[in-house]
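Report on the structure given below.
Heavy-atom basis, side chains included; hydrogens, waters and symmetry copies ignored. The shown structure was predicted, so the numbers you read here are calculated from the model rather than taken from an experiment.
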There are 2 protein chains.
Amino acid sequence: MELYPAMDEINNALKKNHIIVIFSNCNVEYSGRAQSFIAKGDRMIIMKHDGTILVHKPDGRTPVNWMPNKSIIEIKVENDSLEITCTNSKTSEVMIIRAFNIYSITSAPLVDNEQLRLLGTEKDMSDMLYSTPSLISEDFTPVSREEQTKYGFLDVFGHNSKGELVIVECKRYTAGLDSVTQLRRYVERVKKSKGITKVQGIIAAPNISQNALKMLTDWGFSYKNISPPYRFSKEEEKQAKINEF
Amino acid sequence: MELYPAMDEINNALKKNHIIVIFSNCNVEYSGRAQSFIAKGDRMIIMKHDGTILVHKPDGRTPVNWMPNKSIIEIKVENDSLEITCTNSKTSEVMIIRAFNIYSITSAPLVDNEQLRLLGTEKDMSDMLYSTPSLISEDFTPVSREEQTKYGFLDVFGHNSKGELVIVECKRYTAGLDSVTQLRRYVERVKKSKGITKVQGIIAAPNISQNALKMLTDWGFSYKNISPPYRFSKEEEKQAKINEF
DNA sequence: GCCTAGGTCCCGTAC
DNA sequence: GTACGGGGCCTAGGC
């Protein structure tokens with residue numbers, strides 16, 4: 001495709017707030033939070049109505065380059081290439097695409113007012129533990145969940161029958177060293193704030209790494225094997241695999 | 001576009017290992033590590049040669065649904081919709097797209113052998129501190145960088161003239177509470193492994209949050225204001241903004 | 001605006 | 001494979 005008609009077509013689609021997909025041979029330069037460059041190759045460029053720009057390689061889940069929404073696009077023909085300059089004033093970033101060949105331009109006025117509904121997050125897990133505390137222990141009474149207390153953001157927070165405070169940190173996947181240090185930080189903050197020495201710390205997760213478990217017990221905390229709702233347990237996953245594939 | 005011709009066109013493009021972009025009105029169901037559903041709306045579906053599938057809303061940087069590479073795509077016509085089932089045996093995930101209207105299908109055989117070169121990462125920063133340790137202190141001699149020592153993965157590791165060990169944790173952005181707990185974990189591990197009590201802990205970052213700084217000093221660690229190479233300092237960023245926009 | 005923490009995080013790397 | 005940590009992370013929620 002010739003460069004000038006391509007420029008006109010893209011500008012028209014931008015004016016109409018369409019989503020635009022361009023297949024092209026291009027290089028990409030980026031400068032802002034870091035700096036990057038990728039030499040000429042065939043890529044897919046996506047321009048969205050909100051000013052998001054994505055550059056995808058033929059493989060891979062993650063865009064090789066991108067610009068956040070509210071970026072401004074300017075196009076000009078420069079010698080042998082279409083130069084697409086994307087600037088974002090909020091993040092002080094610039095991305096320049098130089099397209100030497102434009103294979104195709106597709107655009108459409110997409111309308112989508114729906115939102116994703118998602119189940120099985122960490123919040124769902126803390127909700128479950130809050131409403132069914134016996135999953136943690138018969139001797140656990142939750143008081144708050146997923147709340148920014150003055151001790152920090154605690155997943156589930158409560159006490160046992162002796163009146164000792166209990167902090168539960170949920171993880172929807174394997175708990176690692178970072179999970180333990182996070183719990184430890186919360187426990188220490190509560191201890192210091194309240195001027196007490198006894199606070200129970202519990203990690204609730206479907207799994208925990210060996211190192212994390214060692215650190216956890218070294219610090220006097222405990223682990224409770226619990227899976228988030230709507231997430232298959234390891235055993236169920238294996239069974240599902242056998243059945244499905 | 002009619003459903004059967006659409007199915008044929010997609011299957012042909014899949015066979016040829018093309019990248020495929022479909023504009024359509026569809027709903028999407030996902031099940032695996034979590035579960036999700038989004039009702040009918042106009043979206044862009046991308047199928048890549050490596051088995052990656054992305055579903056994008058008209059707005060936003062992140063795909064609303066996706067499947068990792070090596071996913072398998074099966075298509076059939078089901079009443080009033082094209083049903084695209086994507087399964088991944090490795091992650092035990094399934095995504096089903098039901099497309100009720102197909103607005104367009106575009107495909108192309110993209111070739112891209114280039115790789116992104118990126119500057120200004122945390123590794124670049126630790127390399128800089130290793131080769132120019134005076135940025136940390138005149139009294140600092142680095143020994144290793146970015147290495148998996150037996151004490152864990154340390155960004156920069158060395159000693160001062162008194163022979164005391166020094167651990168530097170780099171962050172390319174604002175250091176937060178997690179950065180401090182991470183440093184603390186490393187320091188404690190080294191102390192324990194070596195059976196010593198004096199280890200210097202330093203966070204090197206262009207910025208640090210108030211809470212993090214407090215926790216840092218409470219623990220006897222220190223902060224050094226250092227920006228990663230190729231990254232503008234806050235002041236330079238502000239100046240650049242004024243000049244550019 | 002900053003700070004905090006999760007994410008179907010993704011991704012590379014070392015073990 | 002698991003585990004650990006970075007990322008131009010992105011995104012949502014508080015303050």
Side-chain angles (χ1 to χ4, degrees), chain A residues 28 30-36 52 60-69 88 90-95 116 118-126 146-150 152-155 169-179 182 185-186 207-212 228 230-232, chain B residues 28 30-36 52 55 60-69 88 90-95 116 118-126 146-150 152-155 169-179 182 185-186 207-213 228 230-232:
Chain A
V28 188
Y30 159 79
S31 177
R33 287 173 286 180
Q35 291 198 351
S36 77
T52 303
R61 207 215 79 123
T62 306
V64 66
N65 279 108
W66 70 92
M67 288 286 281
N69 65 4
N88 191 293
K90 189 177 177 183
T91 59
S92 294
E93 293 177 296
V94 183
M95 178 175 72
L116 187 75
L118 183 66
L119 299 170
T121 63
E122 195 175 298
K123 173 149 196 328
D124 295 322
M125 196 173 165
S126 67
E146 286 276 329
E147 270 172 32
Q148 186 71 41
T149 71
K150 57 178 171 179
F153 187 87
L154 306 176
D155 285 347
E169 174 61 30
C170 301
K171 289 295 159 196
R172 66 182 303 287
Y173 46 87
T174 301
L177 294 172
D178 56 336
S179 308
Q182 194 181 351
R185 173 151 55 87
Y186 295 150
N207 226 319
I208 188 164
S209 73
Q210 284 304 309
N211 289 339
Y230 308 110
R231 186 187 185 282
F232 298 125
Chain B
V28 187
Y30 158 79
S31 178
R33 287 172 286 179
Q35 291 198 348
S36 77
T52 304
V55 180
R61 206 214 78 123
T62 307
V64 66
N65 280 106
W66 70 92
M67 289 287 280
N69 65 3
N88 191 295
K90 188 177 177 185
T91 59
S92 294
E93 294 177 296
V94 183
M95 179 175 72
L116 187 74
L118 183 65
L119 298 171
T121 63
E122 194 175 297
K123 174 145 194 331
D124 295 322
M125 195 173 165
S126 67
E146 285 275 330
E147 270 172 31
Q148 185 71 39
T149 72
K150 59 179 171 179
F153 186 88
L154 305 177
D155 286 346
E169 173 62 30
C170 300
K171 290 295 160 194
R172 64 181 307 284
Y173 46 86
T174 301
L177 294 171
D178 55 337
S179 308
Q182 197 181 346
R185 173 151 54 86
Y186 294 150
N207 225 320
I208 188 164
S209 73
Q210 283 305 308
N211 289 339
L213 184 60
Y230 309 108
R231 186 188 185 283
F232 298 125

**Prompt:** Which value, rounded to the nearest 0.5 Å, describes the distance between B:R172 atom CZ and B:S126 atom OG?
**Reply:** 12.5 Å
**Prompt:** How long is the span from the CE atom in B:M95 to the CH2 atom in B:W66, to the nearest 0.5 Å?
**Reply:** 10.0 Å
**Asked** If you measure from the P atom in C:dA5 to the same atom in D:dG8, how many Å do you get, rounded?
**Response** 22 Å
**Complete:** To the nearest angstrom, the CG-P distance between A:N207 and D:dG1 comes to 16 Å
**Item:** With sequence neighbours excluded, residues passing side chain to side chain contact (heavy atoms under 4.5 Å, CB included) with A:S179
**Value:** A:K171, A:A175, A:I203
**Prompt:** Counting only side-chain N and O atoms of B:T174, is one of them less than 4.0 Å from OP1 or OP2 of C:dC2?
**Reply:** no
**Asked** Can you check whether A:N211 has a side-chain N or O nearer than 4.0 Å to OP1 or OP2 of D:dA3?
**Response** no
**Item:** nucleotides 5-15 of chain D: protein proximity per nucleotide (B base, S sugar-phosphate only, - neither; heavy atom, under 4.0 Å)
**Value:** SSSBSSS----
**Request:** Kindly give the heavy-atom pair with the smallest separation between A:E169 and A:Y186, and that separation in Å.
**Result:** OE1-CE1, 3.4 Å
**Prompt:** In whole Å, what is the span from the CD1 atom of B:I208 to the P atom of C:dC2?
**Reply:** 16 Å
**Prompt:** What interatomic distance, in whole Å, is found between P of C:dT8 and the corresponding atom of C:dT4?
**Reply:** 23 Å
**Complete:** So CG of A:D178 and CG of B:D178: to nearest 0.5 Å the spacing works out to 9.0 Å
**Asked** Got B:S36 and A:L116 here, is their nearest side-chain heavy-atom distance under 4.5 Å?
**Response** yes
**Item:** D:dG8 pairs with, by Watson-Crick or G-U criteria that keep both distances under 3.5 Å
**Value:** none
**Request:** For D:dC9 and D:dG5, measure between their C1' atoms and round to the nearest Å.
**Result:** 13 Å
